[in-house]
> 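Supplied in structure tokens, the structure appears directly below.
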Amino acid sequence: MTENGSGSIGRRGLIVTGAATALTLGTVSFANAAPGGGAGSSRPDETRVVRGTLPTGSPDFVYLPVEVPHGVRELAVSYTYEKETVPAGTQNNALDIGIFDERGTGLGGAGFRGWSGGARTEFFIRADDATPGYLRGPVRAGTWHVALGPYTVAPQGLPYTVTITLKYGEPGTTPAPVYPPTRAKGRGRAWYRGDCHMHSVYSDGGRTPAQIAALARAAGLDFINTSEHNTNSAHRAWQGLWGDDLLIMTGEEITTRNGHVVALGTNPGTFVDWRYRARDNRFGHFAREVRAAGGIVVPAHPHATCVGCGWKFGFGEADAVEVWNGPYTPDDEVTLQEWDNSLTVSGRSGRPWTPAMGNSDAHRDPDRIGGPQTVVLADDLSREAIQAGLKAGHSYVAESAAVSLSFTVSGGHGQHAGIGERLRADAAEPVTARLEVTGAPGCSVAFVTDQGTLYTTQLPASGTGTATWQTTPQYATYIRAEVRHAPVVPGLPGPLAAFTNPVFLDAL
């Protein structure tokens, strides 16, 4: 084991990589292959240790170059860092980690080989296997870069230690990945239930893909979407877990320092970079990358209170927005109201609007897969059909499969519209909103327009019932429905049990 001082602050260099500044430390070198060594040799493992301290105000990413010689079978990395004593309300040290191979660290991710954020303290990569979160494949000779992400730095600085070990020998072979199909059997044109934001052991979750698939079926889901933080490594981990009854789409939770976004249903194997902030003006480029890879763009938990979670990129590139994330909390209520406020402009102008969806963001017990879930009207159970339904807003969100809704708005001349559609009627013509609910005992129903909540009624004790309400296009730009539990805090609305996307009213 050799100590290496390349982590010293005095030897750092500031470089620009794409849109973001990054700190590059001194290079870690290993001896070249010994005479007669190489692939298949019995050359002993080699280890280097790097120590340093990152100051407050460090760039988002710190790269530690590692010169990898020929003949390496496995590269292993571990790291530690110190917490400090900080005043109340001050963020303590948090350090993420990942790695890029000899193809470099350029924005776009050609050299990306894995990321575990702060979920792991060690990882390995070799041709036939890799730690979850990392991409298996040969360890080729060249300059690799351990990527450190100082997420938060205490006022005293962030002391860290990185240990790199190279193991020599035959490289082995890389199995061809087996990815989920993009279509399941389905029921033709129907309402399908799905949860498109969740985490497994392939990022910071505690469940295996097999456990998630079982829980998805138990929750009555028809489709799910993989969404690991900043890695596509889980795309190949679902072999044998899909079926006629469960569509598994592949994606990523692109976890930037200015908010998170779910890339929903990208082509298997697609990686989308996350190393930029709103000030870098790069999000539009990567949103287009998501779409070019067959996915849709869904900002996640826009008003979550975790560090770096607040959404700063605007919604101009969003195909949908995650309004409800996990158990219903005040930040979901704020997001719901913000989304509702956006509907008026779209309603009267005819401009595109951003549909809402809900997902569990489940990580581990007791997080509930399918709580909430988005129920989508789609032509069949395929990636393309589900995405089309989501983008059109032909969907509602429910806390579980026990809750079902049917929502329509009809005019006096036989015209009618369903969720996400437009109803054309004379400005003063009465139109009737009708909501049928099952599975919501103890809940109330409300109809919401651009003027706010104008009608509320209590469901029967069974939780099954029908509510109707009349208005006119000149009085309401849109109508949507909410089903809520009884208030927990006096004066505040109760938690949602379900809500629909709107029906827009176009006055003739």
Side-chain angles (χ1 to χ4, degrees), residues 6-9 11-28 50-66 75 77-81 91 93-121 123 125 133-135 142-154 157-162 164 203-204 228-233 252-261 271-283 285-286 289 306-309 312-313:
S6 65
S8 166
I9 292 299
R11 296 180 62 184
R12 71 179 189 264
L14 192 64
I15 64 170
V16 175
T17 58
T21 56
L23 184 71
T24 298
L25 305 174
T27 300
V28 177
V50 176
R51 293 184 172 89
T53 300
L54 299 174
T56 301
S58 292
D60 290 346
F61 302 100
V62 176
Y63 296 111
L64 176 60
V66 178
L75 181 151
V77 177
S78 64
Y79 81 119
T80 61
Y81 62 92
Q91 295 294 330
N93 288 327
L95 185 64
D96 294 343
I97 196 166
I99 196 166
F100 291 78
D101 65 20
E102 83 289 348
R103 291 170 291 179
T105 61
L107 198 62
F112 176 77
R113 290 298 292 272
W115 184 258
S116 50
R120 287 184 169 79
T121 59
F123 64 86
I125 295 174
Y134 293 80
L135 305 181
T143 304
W144 289 51
H145 290 83
V146 175
L148 301 174
Y151 207 71
T152 53
V153 180
L158 194 163
Y160 66 90
T161 301
V162 179
I164 305 110
S203 60
D204 62 344
E228 309 297 353
H229 292 285
N230 298 340
T231 181
N232 58 349
S233 66
E252 178 185 337
E253 184 176 5
I254 306 162
T255 307
T256 80
R257 299 299 181 89
N258 283 162
H260 302 184
V261 58
F271 166 74
V272 184
D273 216 316
W274 76 98
R275 293 171 295 160
Y276 43 86
R277 296 194 185 207
R279 67 193 180 202
D280 300 319
N281 196 30
R282 298 294 293 168
F283 176 68
H285 168 81
F286 288 103
E289 265 200 7
C306 45
V307 173
C309 290
K312 308 295 186 185
F313 295 97

> Can you name the closest pair of heavy atoms from Arg275 and Gly106 and give their distance?
NH2-O, 3.0 Å

> I need the Leu107 CG to Trp274 CH2 distance, nearest 0.5 Å.
10.0 Å

> Of the non-hydrogen atoms in Tyr160 and Leu54, which two are nearest, and what is the gap between them?
CE2-CG, 3.8 Å

> Looking at every non-hydrogen atom in both residues, tell me the closest pair between Leu95 and Tyr79 and how far apart they are.
O-OH, 2.6 Å

> Are the side chain of Arg113 and the backbone of Ile125 linked by a donor-acceptor contact shorter than 3.5 Å?
no

> Side chains of Val153 and Pro55, heavy atoms from C-beta outward: is any pair under 4.5 Å?
no

> Out of the candidates Val146, Leu64, Thr161, only one should pair with Val50 under the side-chain contact (heavy atoms from CB on, under 4.5 Å) rule; please name it.
Leu64

> Parallel, tilted or perpendicular: which fits the ring planes of Phe123 and Tyr134, with parallel below 30° and perpendicular above 60°?
parallel

> Would you check if the side chain of Arg257 reaches a backbone N or O of Ala278 as a donor-acceptor pair within less than 3.5 Å?
no

> Can you label the angle between the Tyr63 ring and the Phe61 ring as parallel, tilted or perpendicular, going by 30° and 60°?
parallel

> For a side-chain contact (heavy atoms from CB on, under 4.5 Å) check, start with the C-alpha distance between Asn232 and Val272, then their side-chain angles and the critical distance, and finish with the verdict.
CA-CA 8 Å; Asn232 58 349; Val272 184; over 6 Å; no

> Evaluate the ring planes of Phe283 and Tyr276, with Trp represented by its six-membered ring, and classify them as parallel (under 30°), tilted (30 to 60°) or perpendicular (over 60°).
tilted

> Tell me if a side-chain donor or acceptor on Asp60 pairs with a main-chain N or O of Gly149 at a distance below 3.5 Å.
no

> Without swapping roles, check the side chain of Asp96 against the backbone of Gly118 for a donor-acceptor pair under 3.5 Å.
yes

> Locate the shortest heavy-atom distance separating Tyr81 from Asn93; write the atom from each residue and the value.
CE1-O, 3.5 Å

> Heavy-atom distance under 4.5 Å between the side chains of Leu25 and Leu23, does that happen here?
yes

> Any sub-3.5 Å donor-acceptor pair from Asp204's side-chain atoms to Ala119's backbone N or O?
no

> Is any side-chain heavy atom of Ile99 less than 4.5 Å from a side-chain heavy atom of Val66?
no

> With side chains defined as the heavy atoms from C-beta onward, is the minimum distance between Thr53 and Pro159 less than 4.5 Å?
yes

> Which heavy-atom pair separates Pro65 from Thr143 by the least distance, and what is that distance?
CB-CG2, 3.9 Å

> Rounded to the nearest 0.5 Å, what separates atom OG1 in Thr80 from atom CZ in Arg51?
8.0 Å

> Can you run down the side-chain hydrogen bond (donor to acceptor under 3.5 Å, both in side chains) pairs that involve residues 145-154, sequence neighbours left out, and say none if there aren't any?
none

> Roughly how far apart are Asp280 CG and Phe313 CZ, rounded to 0.5 Å?
8.0 Å

> Taking the side chain as everything from C-beta on, heavy atoms only, tell me whether Thr256 gets closer than 4.5 Å to Val261.
no

> Which pair of heavy atoms, one from Gly157 and one from Thr56, lies closest together, and at what distance?
N-OG1, 4.5 Å

> Do side-chain atoms of Asn230 reach the backbone of Thr255 as a donor and acceptor pair under 3.5 angstrom?
yes

> Please determine whether side-chain contact (heavy atoms from CB on, under 4.5 Å) holds for the pair Thr121 and Ser78, giving the CA-CA distance in whole Å, both sets of side-chain angles, and the decisive distance to 0.1 Å.
CA-CA 6 Å; Thr121 59; Ser78 64; 5.9 Å; no

